[in-house]
Amino acid sequence: MREYEKEYRESWTHIFEADPGEADKFYVNVAYPYPSGAMHVGHGRTYIVPDVIARYYRMRGKHVLFPMAFHVTGTPVIGISRRIANGDEKTISLYRDLYRVPEDVLEKFVDPDEIVRHFSREYERVMRHCGLSIDWRRRFTTVYPQYSKFIEWQYLHLMEGNHVVRGAHPVKYCPQCDNPVGDHDLLEGEKAEIVKFVLIMFKWNGFMIPCATLRPETTYGVTNLWINPDVIYRKVIVDGQKWILSPEAAKKIGLQDHIVEELGEIKGSELVDEKVSHPFCGEVPVLPATFVDSDMATGIVMSVPAHAPFDYIALRDLQAEGEYTSIEPVPLIVVDGYGKFPAKDAVERSGVRDQNDPGMETLTQEVYSAEFSSGRMLPQYGGHPVKIAREEFSQIMLEQHGSLVMYEFDVRNVVCRCGGDVFVRILKDQWFLQYSDPVWKEEVHEQLRDIEIVPAEVRAEFDRTVDWLNDWACTRRIGLGTKLPWDKNWLVEPLSDSTIYMAFYTIAHKLIELEAEKLTPEVFDYIFLGIGSPDNLPLDKEMVEDLRSEFLYWYPYDFRFSAKDLISNHLTFQLFHHKAIFPKELQPKGMVVFGMGLLEGAKMSSSKGNVILLEDAVEDVGADTVRMFLVGSAEPWQDFDWRRELVSSTRKQIDRFINTIEESSDNDEEYPIDKWLISRIQDHIANATVAMDSFQTRQALQEAYFAIESDLKWYRKRLPGDVRSSAAVKRISNSWIRLLAPFIPFSAQKLWEEAGEEGSVAFAPWPECDDSLVNPSLELAEELLSRTVEDIDSILKLIQIEPSCLKLFISPNWKLRVFEMISQAPDKGKVISEIMKDEDMRKRGKEATDAAKQITNLIHRLPPQVVERIVSVSIDENEVFENAREFIEKEFGLPLTIVYADESTHQKARQALPFKPAIIIE
RNA sequence: GCGAGGGUAGGUAAGCCAGGCCAAAACCGGCGGACUUAAGAUCCGUUCUCGCAGGAGUCCAUGGGUUCGAAUCCCAUCCCUCGCACCA
């Protein structure tokens, strides 16, 4: 941390507060943080990149709005506070040791509000340390009553537009907590997915025996059922119908919107050898099998030995003992690479021995996916591909054969943090945002076409996400949040309440001063949509008009920034919501998507402790260093890697910049090479500007810092003796400081003041390229000189004689004409014969054709801009070297002779080409 | 598995869309040197191989192909990152 950083951040408390004005606006915003822990450097980049952009546009003369708020709705902090209250060591250590929360504050964390209050304060403090140019007056959290009013207004409109519908929804649910649980609440089975089974109903003795399957299309091939003889099954009444289920299944079905009454018990073994029936397969026996898990689905399984390896092997084992030998697999599906009975082939090929072999799972997967992707039903079963038949059969079973749906996890052992088992439960009356609506989707697709997306490659991902999104359950029973206005039993789900808050920011500082009760839907209708009249609202007319005009000044936003992991939810959601609420002219204009962060090559993760806290980094190397590293080591959309070594070298680079500027301050010597330096700077300004316009912060820094530094290196080489600085350096300093101001605002401000400039460099104009200072012939001359110096260098390195003199042979004029002809020829293949049509050339004979070949080669090696310049700008090579005579002689410690090649008879002289003099060292 | 993106010299990374500017920018690291009592900082040189003349050879995940010419275009394979939902 540098002293002046502390000083400036105090004086920046209010200067970035933004109000509407005459100038054009530029509105950037970023996905607000959920403040449940300390920020690490990965978070830092998320906010620093938009800050650099905000600062850039401010210098471009825009009124820039860069607001910040805190997302606190949802359940995570509730879970955290509960865990802290319960004395959970892992959580306490995370907060005490990694986030370094003081003991007395930590004690208060049993109240979830305290957690967000503490960390949102910390966030603001650290963000200020980083020099973020945020208008903090607009800060709010998502539980402010005024914000809730805004959410209510939004949802009333969504309801009105038929974007919210009601339905049933399967969720992960913990009976012990009596609540739905998210993945982060799980102790085990974090990746568990809810799978939808179809229950095939077999009749037995007045009971239904439901078998759960993912493959209803195989029902024709059922040869028997499997039951675990050791399990005591339940006789139950489900929705008035008698069923047999495993005890676990009875409980599960009860959670899935069915009424289950106990009737009695029946041991699995009692059902063995009983006959059951289904219209698709007729009467089949129930057989015993140990692989049947009573905790999987219904605990009774239908057997399709032709297509299921488990079934095949279990049947084979029984038949090996001479039992049930009359049962034969019934094939239904043909699939490439397998014979009549795919399950049989797979088992025999793999060599698994019995049904308890661990290889059975993968074998099952193999057969299932082969049949699903390329299998086809036999003609007597419809002949459709399995992909299609599965849907058809499922439909028929559910509609005509009494089948029901049962949800189950794809893995065993899903356990809640409380220690209780988690089940699938159907939540009724759940509200959904109908993202599945094809009309809405199409509108979003259309809108997406007008949005600038950076980088362009992620556009495809957005379009995919729009297509892929299904209805989103947008209400919750628990957590912090806003009550659904028409159904107060529900809270708006946390991602669903954060979709158009960028509009709220535009007037947040004014709204949070008002009484929430006065923010009726009519008030918001007028402010945001211009609907209705400003008269007769709960607020003064002038106030409402003022809010409306400020909103319209800022909106729509210009760019929203976020990490790429939010594409598949938040960033796409907000497009849907903007489309549903706002008119065409207020739709988002652009989005910038970030890459992720690594730490010394490994993934950054708070829970693994593999993080550098942002505050520590700032304290350690200074805010400017952190900023410059985070935006300069990779482009925003690339992953960045925080490496200590690189970070500390960044600090040195800033030091070097400061030194250069400071040592130029009292210098007013002038030199011939000055014009070159000043000319070059124009180019870097132009390039840096282009890079910034396309959010390439890394490229911009390459131009604004490293390219200038490398020019300075050459410039200094061209200054006499030990001179390091000059009036020209002082002159470019002013631009250079401003070029770097968005990146390293603290150091830039310090240098700005030292240079005697008034006010804040943050509001100084961004440098502009002055074309009148660009001097192409001088740049070309220096290019020629430096290339020649390089050539001389490499020759000196190779030769072993002690050099005593240096001769340069200047290419004759006719070769330059050849150069011009070749460089402008549309067809390089024919150019030589074209050249030889020239009288003057023809008389030179072989010398001319040789030169043409060499020149063609040379042109290929030179950068096109240089070739273009050589042709368009004429420089006198003799004069260039004559002017640099002193420099060259000093550089190599050799006397220099300059000769026109055509005046020499030296063998080498003939090698002289335009822009490549022949060199002799003797 | 599915969807999206990516693999370039010791590391980060530019170049790829619009094929010859490419042995391939820039930064970091390594090595050598200058300065210094020393270290750091700074500066100079060097960092694929070969070469006593500015050059040549091999190279851009792997294997094929297109082309006079491929890091760049096409196909296949392998590997990595992100997302796959009710969670911020």
Side-chain angles (χ1 to χ4, degrees), chain A residues 31 33-34 36 71-77 169-172 180-185 191 193-194 365 369 373 427 430 432-433 435 455-465 467-476 493-496 498 563-570 593 595-596 598 601 603 632-635 637-641 643 645-650 652-653 655-656 659 698-699 701-703 705-707 709-710 713 716-717 724 787-788 790-801 828-829 859-867 908 911 916-921:
Chain A
Y34 187 89
S36 65
H71 191 216
V72 302
T73 35
T75 53
V77 284
H169 179 59
V171 294
K172 293 172 189 168
V181 288
D183 284 349
H184 53 278
D185 292 322
K191 284 178 294 178
E193 280 186 55
I194 295 175
Q365 272 309 316
S369 51
S373 55
L427 278 192
Q430 172 65 263
F432 292 90
L433 284 162
Y435 294 143
E457 297 85 69
V458 301
R459 180 179 292 280
E461 208 176 337
F462 274 102
D463 275 315
R464 276 290 179 176
T465 302
D467 288 334
W468 164 84
L469 273 178
N470 223 322
D471 291 350
W472 181 266
C474 64
T475 51
R476 284 300 103 86
E493 183 271 336
L495 289 189
S496 308
S498 299
K564 66 178 169 185
D565 52 350
L566 294 189
I567 293 174
S568 64
N569 48 57
H570 166 74
V593 175
M596 313 301 284
L598 301 174
K603 194 186 281 183
S633 65
E635 298 294 4
W637 41 89
Q638 297 170 325
D639 294 350
F640 76 93
D641 189 0
R643 286 179 187 266
E645 221 169 37
L646 294 183
V647 174
S648 58
S649 80
T650 303
K652 284 178 213 159
Q653 282 152 0
D655 286 338
R656 215 151 56 216
N659 285 342
R698 179 182 203 275
Q699 181 60 29
L701 263 178
Q702 291 284 326
E703 288 289 340
Y705 180 80
F706 296 104
E709 212 190 27
S710 116
K713 209 164 153 180
R716 283 175 177 147
K717 222 171 171 168
R724 277 184 53 80
R787 280 173 179 272
T788 307
E790 247 172 64
D791 281 351
I792 296 169
D793 252 332
S794 68
I795 295 167
L796 280 172
K797 239 166 252 151
L798 282 171
I799 58 170
Q800 303 210 323
I801 56 163
K828 309 264 189 241
I859 285 173
H860 277 311
R861 289 165 170 271
L862 291 169
Q865 308 90 291
V866 171
V867 173
K908 278 274 174 192
Q911 280 186 16
K916 198 162 181 67
I919 299 163
I920 307 274
I921 297 167

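No hydrogens, no waters, no symmetry mates; every other heavy atom, side chains included, goes into these values. Just so it is clear: chains get the letters A, B, ... in the order the sequence lines come, proteins before strands, and each one is counted from 1.
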Suppose we screen for ring-ring contact (aromatic ring centres under 6.0 Å, His included). Which residues come up paired with A/W472, at least two apart in sequence or across chains?
A/F573
Applying a 3.5 Å limit to both distances, which nucleotide forms a Watson-Crick or G-U wobble pair with B/rG63?
B/rC75
Please tabulate the protein-to-nucleotide N/O contacts below 3.5 Å involving nucleotides 46-51 of chain B, giving atom names and distances.
from	atom 1	to	atom 2	distance (Å)
B/rU46	OP1	A/K797	NZ	2.6

Map A/I795 and A/A460 onto RNA chain B by nearest heavy atom, then report which one ends up closer to the 5' terminus.
A/A460
Listed partners of A/D471 passing salt bridge (Lys or Arg N to Asp or Glu O under 4.0 Å), at least two apart:
none
Taking a pair to mean Watson-Crick or G-U wobble geometry with both distances below 3.5 Å, B/rA38 pairs with none
Under 4.0 Å, heavy atoms only, any strand: does A/N470 hit a base, just the sugar-phosphate, or nothing?
base
Would you measure the distance from the P atom in B/rU62 across to the matching atom in B/rG51 and give it in whole Å?
27 Å
Scan A/L566 against the nucleic acid and name what it touches under 4.0 Å (heavy atoms): base, sugar-phosphate only, or nothing.
base
For B/rU42 versus B/rU8, give the span between their C1' atoms, rounded off to a whole number of Å.
32 Å
Rounded to the Å, how far apart are A/N659 CG and B/rU42 C1'?
9 Å
Tell me: CH2 of A/W637 to C1' of B/rU12, nearest whole Å?
17 Å
Which protein N or O atoms sit under 3.5 Å from an N or O of nucleotides 78-82 of chain B?
from	atom 1	to	atom 2	distance (Å)
B/rC82	OP1	A/K603	NZ	2.5

Select base, sugar-phosphate, or nothing to describe what A/P917 touches, counting heavy atoms under 4.0 Å on all strands.
base
With both distances kept under 3.5 Å, what pairs with B/rA70, Watson-Crick or G-U wobble?
none
So, for A/I919 and A/T788, which heavy atoms are closest and what is the spacing to 0.1 Å?
CD1-O, 4.3 Å
Nucleotide B/rA85, atom P - distance to CD of A/E493 in whole Å:
14 Å
Suppose we screen for salt bridge (Lys or Arg N to Asp or Glu O under 4.0 Å). Which residues come up paired with A/D655, at least two apart in sequence or across chains?
A/R2
Tell me what A/I567 touches on the nucleic acid: a base, only sugar-phosphate, or nothing, going by heavy atoms under 4.0 Å.
nothing
Euclidean distance for C1', B/rC73 against B/rU66 (whole angstrom):
8 Å
Grab the CZ-P distance between A/F640 and B/rG6 for me, whole Å please.
20 Å
Short question: side chain of A/Q638, backbone of A/E635 - any donor-acceptor pair under 3.5 Å?
yes
Report the distance from atom CD of A/E635 to atom P of B/rG6, rounded to the nearest whole Å.
14 Å
By salt bridge (Lys or Arg N to Asp or Glu O under 4.0 Å), A/R716 pairs with (sequence neighbours left out) A/E663
Within the 4.0 Å limit for protein heavy atoms, which parts of nucleotides 23-29 of chain B are touched? Write it as a string from 5' to 3', B for base, S for sugar-phosphate only, - for none.
--BBSSS
Any residue meeting side chain to side chain contact (heavy atoms under 4.5 Å, CB included) with A/N470, in chain and number order, not counting sequence neighbours
A/S436
Rounded to whole angstrom, note down the C1' distance from B/rC68 over to B/rG55.
23 Å
Looking at the base of B/rA53, is there any donor atom on it, or on the side chain of A/D791, that sits under 3.5 Å from an acceptor on the other one?
no
Mind checking the P distance from B/rC21 to B/rG69? Whole angstroms is fine.
14 Å
List for me each residue that meets side chain to side chain contact (heavy atoms under 4.5 Å, CB included) alongside A/K916, sequence neighbours excluded, and say none if there are none.
A/D791, A/L858, A/L913
Between A/Y705 (side chain only) and A/Q653 (backbone N and O only), is there a donor and an acceptor less than 3.5 Å apart?
yes
Distance between C1' atoms of B/rC60 and B/rC16 (Å, rounded)
11 Å
Excluding sequence neighbours, so at least two apart, what forms ring-ring contact (aromatic ring centres under 6.0 Å, His included) with A/F432?
A/H169
A/D641 CG to B/rA13 C1', in whole Å, measures 12 Å
Give one of base, sugar-phosphate or nothing for A/A707, where a contact means two heavy atoms less than 4.0 Å apart.
nothing
Heavy atoms only, 4.0 Å cut-off, all strands: where does A/I921 land among base, sugar-phosphate and nothing?
base
For the backbone of A/W468 and the side chain of A/Y435, can you confirm whether one donor and one acceptor N or O come within less than 3.5 Å of each other?
no
Keeping A/E493 on the side-chain end and A/S496 on the backbone end, is there a donor-acceptor pair under 3.5 Å?
yes
May I ask which nucleotide in the shown strands pairs with B/rG51, Watson-Crick or G-U wobble, both distances under 3.5 Å?
none
Test side chain to side chain contact (heavy atoms under 4.5 Å, CB included) applied to A/E457 - qualifying residues, sequence neighbours left out
A/P455
Taking B/rA88, B/rA85, B/rA53 as options, the one with an atom nearest any side-chain atom of A/L495 is B/rA88
For B/rC31, the Watson-Crick or wobble counterpart (both distances under 3.5 Å):
B/rG45
Looking at the side chain of A/K916, which of B/rG55, B/rA4, B/rC87 is the nearest nucleotide?
B/rG55
Could you work out which one of B/rG5, B/rC87, B/rC84 sits closest to the side chain of A/N569?
B/rC87
From NZ of A/K717 across to C1' of B/rC43 the rounded distance in Å is 12 Å
Roughly how far apart, to the nearest Å, are B/rA34 and B/rG7 at atom C1'?
41 Å
Please compare A/E457 and A/P494 by the position of their nearest nucleotide in RNA chain B and report the one closer to 5'.
A/E457
Interatomic distance at C1', B/rA71 relative to B/rG54, whole Å
26 Å
Taken to the nearest whole Å, CG/A/L862 to C1'/B/rG54 is 14 Å
How is A/H169 classified with respect to the nucleic acid when contacts are heavy atoms under 4.0 Å: base, sugar-phosphate, or nothing?
base
As its Watson-Crick or G-U partner within any shown strand, both distances under 3.5 Å, B/rG5 has B/rC80
A/Q911 meets the side chain to side chain contact (heavy atoms under 4.5 Å, CB included) criterion, sequence neighbours left out, with A/K908, A/A918
Please report the shortest heavy-atom distance between A/F462 and A/V593, naming the atom on each side.
CE1-CG2, 4.2 Å
